[in-house]
There are 4 protein chains.
Amino acid sequence: MAPDRRTNHPRPQRHRRRDREVVEAAERVFYERGYSGASVQDVADELGILKGSLYHYIDTKEDLLFRLLEEVHEDVQVIISEVAARDDLDAIGRIALYVRRTVEYNVQHLPRISIYYHDVQRLTEARRAAIFSRRKEHESFLTELITEAQRAGQADPAIDAGIVTNCIFGTAIWVYRWYRPDGKSAPVDLPDLCARFVLSGVVGPAASLTSVQSTNRLV
Amino acid sequence: MAPDRRTNHPRPQRHRRRDREVVEAAERVFYERGYSGASVQDVADELGILKGSLYHYIDTKEDLLFRLLEEVHEDVQVIISEVAARDDLDAIGRIALYVRRTVEYNVQHLPRISIYYHDVQRLTEARRAAIFSRRKEHESFLTELITEAQRAGQADPAIDAGIVTNCIFGTAIWVYRWYRPDGKSAPVDLPDLCARFVLSGVVGPAASLTSVQSTNRLV
Amino acid sequence: MAPDRRTNHPRPQRHRRRDREVVEAAERVFYERGYSGASVQDVADELGILKGSLYHYIDTKEDLLFRLLEEVHEDVQVIISEVAARDDLDAIGRIALYVRRTVEYNVQHLPRISIYYHDVQRLTEARRAAIFSRRKEHESFLTELITEAQRAGQADPAIDAGIVTNCIFGTAIWVYRWYRPDGKSAPVDLPDLCARFVLSGVVGPAASLTSVQSTNRLV
Amino acid sequence: MAPDRRTNHPRPQRHRRRDREVVEAAERVFYERGYSGASVQDVADELGILKGSLYHYIDTKEDLLFRLLEEVHEDVQVIISEVAARDDLDAIGRIALYVRRTVEYNVQHLPRISIYYHDVQRLTEARRAAIFSRRKEHESFLTELITEAQRAGQADPAIDAGIVTNCIFGTAIWVYRWYRPDGKSAPVDLPDLCARFVLSGVVGPAASLTSVQSTNRLV
DNA sequence: TATGAATGAGGCTTCATTCAT
DNA sequence: TATGAATGAAGCCTCATTCAT
């Protein structure tokens with residue numbers, strides 16, 4: 001009842017918190033029903049407010065999707081920054097770290113990664129372009145690491161770096177399709193296992209001890 | 001009631017051709033707009049008939065999705081059968097072949113693979129279960145190949161075969177997300193490159209010449 | 001039950017009739033509540049069909065308004081053509097005829113004239129421009145008649161022809177605001193009285209017998 | 001409760017000024033979008049306050065419209081009083097004066113006249129009746145002037161005074177539909193030109209010099 | 001006074017499906 | 001088979017109004 005005296009920005013604070021709740025509700029709903037299959041009503045229900053009230057926080061349903069996808073890119077940026085900052089690691093080491101962090105993130109944020117990959121296409125032109133532009137940057141980061149590793153003789157130069165980038169993404173992102181936290185389907189070291197797979201494939205370090213060995217478990 | 005006697009292509013034949021056209025129209029439409037975002041009207045438009053007429057071929061919109069997904073599994077079954085029949089290959093060789101064939105298929109059928117992975121969840125319970133059951137079989141096939149390779153000392157036993165299965169799927173299936181036939185983004189030997197990545201990872205055959213080399217280009 | 005055998009276009013016929021009913025229902029509803037104040041539901045109710053069914057005949061609510069306004073211009077065009085064709089009349093005679101016909105039309109179509117003048121502004125840009133363009137033509141027709149009368153010494157040259165045009169419109173169109181067919185507020189010769197007012201004003205023919213007299217009652 | 005003693009502009013004064021701003025904001029908004037098409041939000045935006053705050057000045061949206069229309073009648077009353085007081089003028093002279101004043105007013109208050117004629121119907125029963133009652137008085141004033149002119153032999157007795165009233169209104173009010181202050185579409189003497197048209201019509205004073213001449217430019 | 005969140009009704013439009021022809 | 005009108009539910013969004021702060 002008494003206004004909050006400890007801060008002179010009481011409203012923005014509360015508003016921002018509510019904003020987060022809104023996006024999180026949308027996340028749960030879109031994850032379950034898909035963006036197109038979910039209704040604004042569903043999101044409002046999840047929040048326990050009326051459909052009309054939801055429009056205090058958004059202008060259109062698409063806003064919910066866009067905010068969600070933007071947040072994914074903000075999170076990804078954190079990972080990239082961390083990896084880029086580790087100049088104590090060589091290219092292979094940084095690739096391994098990148099894969100570990102990405103898998104960790106995906107495992108902890110299955111729903112939004114799922115939405116990210118299933119529903120970007122539902123964005124209208126301008127916003128889709130905005131997201132794709134950030135995605136491009138993200139890809140370039142990994143492609144450059146691979147090129148660097150190839151130049152250093154640490155990575156197979158026989159495969160185009162762009163293709164390797166996508167193969168790595170495949171392994172790291174695909175996790176959202178099969179890992180389920182409640183089951184026992186994945187051990188806690190999933191990020192590590194994925195990094196290992198990415199570096200040495202099915203065949204494993206048996207025949208390539210030195211290069212891979214040195215980068216495992218070091219981050 | 002009486003079959004057409006003037007031709008050896010009785011009704012069922014023509015009917016089946018029309019059915020394929022219907023599913024293919026749905027494929028194009030669902031690929032572009034997603035299952036939930038596409039309307040029956042859109043599919044009818046794609047076929048050049050009226051919405052009401054489309055209901056001569058289907059009972060519900062969901063039928064279109066289900067038929068599409070069933071066809072994917074029929075196609076996949078062909079691949080699995082081929083790989084299983086190759087008892088001249090060892091486990092690693094068969095894994096490589098499996099990856100090649102899968103990537104080939106995905107590259108040639110981007111839309112339906114995309115729909116398969118984005119929209120299965122839209123099926124009603126019973127049909128979703130039917131699809132998931134076939135998917136499970138599919139996964140088991142690959143997992144068993146990996147287990148076999150591990151037993152034969154050809155594959156890294158340090159990673160759980162189930163996880164390796166999913167990592168391989170990631171690489172092989174992810175193709176549908178980035179490969180675009182019109183661009184120059186992928187060389188003709190994409191299936192081969194993916195198989196190579198799956199077997200030896202980023203590090204490549206440089207440090208593990210024997211095992212990988214022997215399986216390349218052998219199918 | 002039996003298809004109509006007398007014509008090979010049975011559907012278009014029925015469709016066109018229904019189209020007219022739709023526009024007429026919209027006319028009644030918009031007249032009573034105004035375009036913005038009327039709902040698509042109201043129009044559907046007036047037609048005795050469901051709201052959704054109405055969308056077989058229109059794409060948007062605005063279509064109803066636009067069709068209505070277009071019809072007004074089609075009707076007006078008929079009047080203009082008739083007046084233009086009467087080369088047996090001099091300019092003053094044609095002005096008188098024009099006023100009579102316009103007042104007659106307005107009296108018989110109060111609702112759509114009312115809608116025409118109250119709701120054109122609700123049209124979206126492109127359509128509003130289309131209507132305004134036709135209105136401009138309409139005005140020009142009258143302005144030219146006046147100019148002609150002025151040149152012939154039959155009309156007061158002291159007032160700009162454009163302004164006279166608008167004063168005449170005022171008298172002729174304003175009818176829609178006060179004439180009500182059910183009351184006894186207007187005698188049957190309202191068109192004639194308005195024409196007389198337009199030609200000689202309040203003062204009347206008392207002081208200007210010749211010029212006005214000759215044009216009254218001659219059409 | 002206690003009035004502000006430091007100034008001779010107590011609360012009511014300030015309140016009244018704000019009230020006027022509110023009505024003026026509503027005027028601009030209703031003029032542009034129509035009463036039904038405008039939202040309370042639009043009016044609040046125009047005022048630069050929030051929608052909720054606007055409700056400190058009004059109880060319902062309809063209040064805004066009603067106040068606006070009441071003000072129109074207050075203004076009109078001023079004109080009528082002025083004309084009625086001019087007993088130095090004969091009936092024709094007073095009609096001319098009335099037309100001039102009305103046109104002047106309309107030209108200076110296009111938006112509210114426009115709203116007055118387009119949106120009275122949106123008022124609820126009781127208030128609409130209140131407005132119509134005042135309008136009736138207004139009309140009667142003019143009708144009586146005409147009857148007087150007819151009795152005095154100054155006006156054409158061939159047309160019913162009620163109809164002439166409406167014809168005059170048509171000319172004088174219609175101005176709001178075509179006059180636009182920014183264009184060069186109207187000379188400064190528009191009120192005079194309209195009065196002249198009303199008195200002598202299209203034909204003009206050419207054939208009726210005396211009666212009309214004597215009333216021009218005399219007010 | 002002013003704010004802004006919330007309400008609940010209603011508005012425009014789309015949609016999957018049905019059915020008489 | 002094909003049509004196209006009709007249905008009824010639902011979807012996205014806006015709105016007038018209220019109220020605690």
N or O in side chain of [X] less than 4.0 angstrom from [N] OP1/OP2:
| X | N | result |
| --- | --- | --- |
| D:Ser39 | F:dT14 | no |
| A:Arg18 | E:dA6 | yes |
| D:Tyr57 | E:dA2 | yes |

Would you kindly give the [atom1]-to-[atom2] distance between [X] and [N], to the nearest whole Å?
| X | N | atom1 | atom2 | answer |
| --- | --- | --- | --- | --- |
| D:Glu62 | F:dC15 | CD | C1' | 16 Å |
| C:Gln41 | E:dG10 | CD | C1' | 10 Å |
| C:Arg17 | F:dG4 | CZ | P | 18 Å |
| B:Leu47 | F:dT3 | CG | C1' | 15 Å |
| B:Leu54 | F:dG4 | CG | P | 15 Å |
| A:Tyr35 | F:dG11 | OH | P | 14 Å |
| A:Ile58 | F:dC12 | CD1 | P | 9 Å |
| A:Lys61 | E:dT14 | NZ | C1' | 13 Å |

Answer whether the closest heavy-atom distance between the side chains of A:Ile131 and A:Arg127 falls below 4.5 Å.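 The answer is no, as the side chains (C-beta and beyond) never meet within the 4.5 Å cut-off.
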Measuring only between side-chain heavy atoms, which start at C-beta, is B:Tyr35 closer than 4.5 Å to B:Glu62?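 Result yes, sub-4.5 Å side-chain heavy-atom pair found.
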Say we look at F:dT21 and E:dT1: how far apart would their P atoms be, to the nearest angstrom?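 That atom pair is separated by 22 Å.
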5'-most by nearest nucleotide on DNA chain F - B:Lys51 or D:Gly37: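 Upstream on the strand: B:Lys51.
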Would you mind telling me which residue lines up with the more 5' stretch of DNA chain F, D:His56 or C:Gly52, judged by nearest nucleotide?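 Residue closer to the 5' terminus by nearest nucleotide: C:Gly52.
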Closest approach to the side chain of [X], judged atom by atom: which nucleotide of [options] is it?
| X | options | result |
| --- | --- | --- |
| C:Leu50 | F:dT7, F:dG4, E:dA16 | F:dT7 |
| A:Tyr55 | E:dT14, F:dT17, F:dT14 | F:dT14 |
| D:Thr60 | E:dC12, F:dT17, E:dA5 | F:dT17 |
| D:Val40 | F:dC12, F:dA16, E:dC12 | F:dA16 |

Name the pairing partner of F:dC15, where a pair is Watson-Crick or G-U wobble with both distances under 3.5 Å, or state none.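 Paired with E:dG8.
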For F:dT21, which nucleotide in any strand shown is its Watson-Crick or wobble partner with both distances under 3.5 Å?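 For F:dT21, the partner nucleotide comes out as E:dA2, under the 3.5 Å rule.
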First of A:Gly48 and B:Asp42 reached from the 5' end of DNA chain E, by closest nucleotide: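 In this pair, the answer is A:Gly48.
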First of B:Ala38 and A:Ser53 reached from the 5' end of DNA chain E, by closest nucleotide: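 Nearest-nucleotide comparison on DNA chain E picks A:Ser53.
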With C:Ile115 as reference, evaluate C:Val72, C:Leu65, C:Val120 under the side chain to side chain contact (heavy atoms under 4.5 Å, CB included) test and give the passing residue.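 When side chain to side chain contact (heavy atoms under 4.5 Å, CB included) is applied between C:Ile115 and each of C:Val72, C:Leu65, C:Val120, only C:Leu65 qualifies.
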Euclidean distance, A:Tyr55 OH relative to A:Ile49 CD1, rounded to 0.5 Å: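 So the gap between those two atoms works out to 11.0 Å.
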Would you call C:Arg128 and C:Glu125 a salt bridge, using N to O less than 4.0 angstrom?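 Answer for the salt bridge query: yes.
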Check the pair C:His73 / C:Tyr116 against side chain to side chain donor-acceptor pair (under 3.5 Å), numbers first and verdict last. CA-CA 10 Å; C:His73 274 296; C:Tyr116 182 91; 2.7 Å; yes
